[in-house]
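In what follows, a structure is listed as structure tokens, so that the remarks can point back to it.
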Amino acid sequence: MSAEAEKCGSVAVDAPPLPASLGARPVDEETRRRLADAFPVYASVGLSPFGPSGVLLPSDAGPFLERYYSTPVEPGDLWIVTLPKCGTTWTQEMVWLIQNDCDYEGAQCLLCPDRYHFLEIPALMAPHVRDEIHQGKNPVSKRLMFSPIEERPKPWFVKTHLPLHYCPPALLERGKVIYVARNPKDVCVSYFNHLLMFKERRPDMNMDEFAQMFMDGEVSLLPFFPHVLEAWKERNNPNMLFLFFEDMKRDLRGAIQRVADFLEKPLTEKQLDGLESHLHFSSMKKNPWVNKNMTYAYSALTAEELAAENAASKLEFMRKGETGDWRNHFSQKTSDEMDAWIERELAGTDLKFVTELKKN
Ligand code: PPS
């Protein structure tokens with residue numbers, strides 16, 4: 001373990017070091033400039049592709065990744081692994097409630113950091129944002145970013161957008177993973193909104209321009225397909241549950257039942273009714289513990305500044321919660337290019353995405 005990694009939190013004694021192959025790769029000057037222009041928040045540190053799939057992260061993420069890779073895992077620990085905007089929050093709320101015997105009162109606190117450890121959040125922050133938070137400008141973010149996982153009560157609930165090869169090597173042997181995938185066309189639209197809301201992208205970027213960068217893996221935490229396909233290969237591992245956002249939309253009750261079976265937490269019909277209603281988009285949209293306050297938790301602004309900004313902004317974390325909304329955002333050309341990209345990337349696999357659902 002490097003001295004830098006030790007500064008990013010405490011580490012398991014028997015932790016394997018991060019393999020050299022998972023380090024940062026060089027970026028050519030033209031790409032560096034394009035990324036700095038698109039994502040100005042990272043301009044000072046730069047974004048670099050890491051590891052075999054080239055997952056895009058702030059260039060100084062190495063020591064953090066080393067730290068995350070060494071996270072201890074014990075039986076009972078639950079990890080939600082997703083690409084951004086695939087239904088992470090929805091699944092987090094579902095898993096937490098099922099595991100905690102539908103304790104709706106206990107669920108009245110922030111998903112992150114109170115109920116889940118968001119693994120890579122410090123690594124995702126630009127250094128100046130990390131510094132501002134260190135200086136105490138946002139106490140919730142400070143708690144979110146700098147509370148060591150070891151201080152949490154067991155079992156641990158962990159959220160990560162990192163691909164499986166950056167998770168602790170023992171994760172699927174000792175812990176349980178719920179992986180959620182969503183069709184990339186809707187993810188792209190949702191991510192476009194998210195990055196504006198969190199001030200990570202140039203505000204005047206247009207959807208088609210962003211979609212191109214999305215397909216090229218030039219957006220933080222992408223590329224898309226290596227992440228999903230790595231998890232898809234593990235879908236029959238008894239410690240992995242692979243879910244699709246679109247299945248949760250189509251049959252929420254069925255998805256709740258699958259999660260309950262996976263966690264070995266039998267639910268009564270009454271509990272199923274309660275969860276189905278609580279996890280419906282209209283309820284989640286109104287629930288401050290999974291919604292607006294999340295923005296507060298991740299923002300470097302004070303609560304007052306953020307309240308003023310939220311009041312003035314039309315951007316929402318719980319935006320539409322639909323499948324097929326990409327139709328309202330993509331040009332025909334971008335839509336066709338995305339279809340061709342999806343087909344190319346999935347050739348030779350049995351993974352299929354649903355990009356539209358029949359209306360009831
Ligand atoms: S994040 O920031 O990566 O954790 O975002 P994530 O939670 O993965 O994804 C946010 C999108 O999930 C939608 N969402 C839901 N859809 C349907 N039903 C429910 N209950 C629900 N909860 C969250 C949320 O609205 C975001 O999608 P878009 O398409 O932007 O609306």
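All values below were derived from every heavy atom in this structure, side-chain atoms included, with hydrogens, water molecules and symmetry-related copies excluded. Just follow the structure's listing: the first ligand is 1, and inside any ligand the first atom is 1.
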Within-shell test, [X] vs ligand 1, heavy atom, strictly < 4.0 Å:
X: Arg182; value: yes
X: Glu93; value: no
X: Phe245; value: yes
X: Leu279; value: yes
X: Lys159; value: yes

>> With heavy-atom distances below 4.5 Å as the criterion, would you say the side chains of Val290 and Met318 are in contact?
In response: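 Result yes, sub-4.5 Å side-chain heavy-atom pair found.
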>> Geometry only, no angles: is Glu322 polar-contacting ligand 1 at N/O separations under 3.5 Å?
In response: no
>> Can you confirm, on distance only, whether ligand 1 has an N/O atom lying under 3.5 Å from any N/O atom belonging to Asp186?
In response: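 No; the residue has no nitrogen or oxygen that sits under 3.5 Å from a nitrogen or oxygen of the ligand.
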> Do any N or O atoms from the side chain of Arg130 and from the backbone of Met125 form a donor-acceptor pair under 3.5 angstrom?
Replying inline: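 Present.
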> What salt bridge (Lys or Arg N to Asp or Glu O under 4.0 Å) pairs are there with at least one residue in residues 48-59, not counting sequence neighbours?
Replying inline: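 Pairs touching residues 48-59 that pass the test: none.
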> Please, which pairs that meet salt bridge (Lys or Arg N to Asp or Glu O under 4.0 Å) have at least one residue in residues 179-197, sequence neighbours excluded?
Replying inline: Lys185-Asp339
>> Are Tyr166 and His161, when compared by the centres of their aromatic rings, separated by less than 6.0 Å?
In response: no
> Same cluster or not: are Phe281 and Leu315 linked, directly or through other Ile, Leu, Val, Met, Phe, Trp or Tyr residues, by side-chain heavy atoms under 4.5 angstrom apart?
Replying inline: yes
> So between His278, Lys85, Lys249, whose heavy atom ends up nearest atom 1 (S) of ligand 1?
Replying inline: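 Residue with the shortest heavy-atom distance to the ligand atom: Lys85.
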Closer than 4.0 Å to some heavy atom of [X] - which atoms of ligand 1 meet that?
X: Met284; value: 20 (N), 22 (N)
X: Pro84; value: 3 (O)
X: Met318; value: 22 (N), 23 (C), 25 (O)
X: Gly87; value: 6 (P), 8 (O), 9 (O)
X: His194; value: 2 (O)

> What residue among Phe192, Phe224, Phe245 forms side chain to side chain contact (heavy atoms under 4.5 Å, CB included) with Val187?
Replying inline: Phe224
>> Does the structure place the NZ or CZ of Lys176 under 6.0 Å from the centre of the six-membered ring of Phe157, at an angle of no more than 45° from the ring's axis?
In response: no
>> Using the rule given for salt bridge (charged side-chain N to carboxylate O under 4.0 Å, His left out), can you reason through Lys249 versus Glu322, listing the C-alpha separation, both sets of side-chain angles and the distance that settles it, and then say yes or no?
In response: CA-CA 8 Å; Lys249 275 295 300 175; Glu322 281 174 9; over 6 Å; no
